[in-house]
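In what follows, a structure is listed as structure tokens, so that the remarks can point back to it.
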Amino acid sequence: MEYLKDTTIYKLLFAQKKLVSAVRSDFVDVDITHENYISLHFIYENPGITQAELAELNTKDRNVIVKTVDRLEKNGWVKRVRSMDDRRAFTLFITDSGEEIIHRYWDKLVQRQKEALSVLTEEEQRILDTLLEKVLG
């Protein structure tokens with residue numbers, strides 16, 4: 001049996017924890033978590049997305065996404081619009097202030113990625129990206 005710290009799953013989880021910690025510090029000056037930012041960004045990229053679709057993109061339970069959207073809407077970053085196709089569903093749109101948050105923090109996220117991957121060559125970064133895509137399937 002190998003040591004836990006030698007397993008790929010441990011290394012991936014620890015790398016994620018390290019990156020999330022760094023990103024969390026970038027969001028300190030605004031009332032948003034990195035997970036809420038991800039949801040906000042998905043809404044930005046997919047105007048009119050439903051809460052169910054957002055839950056699927058986030059691989060989160062629908063109830064969790066409802067709470068996330070509640071927070072985003074409360075902060076004025078997202079608006080819910082009743083779906084024309086299904087009156088029980090809501091579609092989501094980013095507001096101007098939500099778009100400001102996206103643009104304000106995108107460069108910081110890109111910079112964090114560059115810092116984290118700076119120990120790899122460009123070719124190794126491409127390989128890592130390809131391998132992660134393959135694992136995520």
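Scope of the values below: all heavy atoms of this structure, side chains included, with no hydrogens, waters or symmetry mates. Just so it is clear, the structure is predicted and the values come from calculations on it, not from any experiment.
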Would you mind checking if D70 and R80 are paired as a salt bridge, meaning a charged N to carboxylate O distance below 4.0 Å? yes
Strictly below 4.0 Å, N to O, side chains only: are E56 and R62 in salt-bridge contact? no
If two hydrophobic side chains count as joined below 4.5 Å and joins carry through other members, does I38 share a cluster with W106? yes
Rounded to the nearest 0.5 Å, what's the gap from CZ on R126 to CG on L128? Could you check? 12.0 Å
To the closest 0.5 Å, what do you measure between CG (L92) and CG (L72)? 9.0 Å
Could you check whether any side-chain N or O of E73 sits under 3.5 Å from a backbone N or O of V78, counting only pairs where one atom can act as donor and the other as acceptor? no
Should L109 and L19 be counted in the same cluster of Ile, Leu, Val, Met, Phe, Trp and Tyr side chains packed under 4.5 Å apart? no
Would you say S97 and E100 are linked by a side-chain donor-acceptor pair, where the criterion is simply a distance under 3.5 Å? no
Indicate, with yes or no, if V110 and L40 share a hydrophobic cluster defined by side-chain heavy-atom contacts under 4.5 Å among Ile, Leu, Val, Met, Phe, Trp and Tyr. yes
Using the rule that two of Ile, Leu, Val, Met, Phe, Trp, Tyr join whenever any of their side-chain heavy atoms come within less than 4.5 Å, decide whether L117 and L131 are in one cluster. no
Is there a path of hydrophobic side-chain contacts, each under 4.5 Å between heavy atoms, that joins F90 and L54? no
If we only count heavy atoms from C-beta on, is the E2 to T7 side-chain gap below 4.5 Å? yes
Please verify the inter-ring angle class for H103 with Y44; under 30° counts as parallel, over 60° as perpendicular, anything in between as tilted. perpendicular
